[in-house]
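What follows is a set of notes on a single structure, which appears directly below.
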Amino acid sequence: MAVQKWIIAGATALALGACGDTIGEQALAGGAIGAGAAAVTSGSLATGAVVGAAGNIVYCELNPGKC
């Protein structure tokens, strides 16, 4: 069940990916979304922030035209 929560949180973070102009902005936006998703799913806020930040940076770097 815990894995399912992280899959949902990760998918939410990617779906709501908010790209920034710099890596720092991308990390901040992704971290906020990840922490919010973790709060909703009763997960670890710190882990959610890290996963969200990493996910958003990767998404933004791979899809710059969608930001």
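- Taking every heavy atom of both residues into account, A27 and A53 meet most closely at O-CB, 3.4 Å.
- For the pair A29 and N56, the tightest heavy-atom approach, listed with the atom from each and the gap, is CB-ND2, 4.1 Å.
- When hydrophobic side chains of Ile, Leu, Val, Met, Phe, Trp and Tyr are connected at separations under 4.5 Å, I57 ends up clustered with I23.
- Listed by chain and number, the hydrophobic cluster partners of V58 are L62, where partners are ILVMFWY side chains within reach of under 4.5 Å, directly or through others.
- Of all heavy-atom pairs spanning A38 and S44, the tightest one is CB-O, 3.4 Å.
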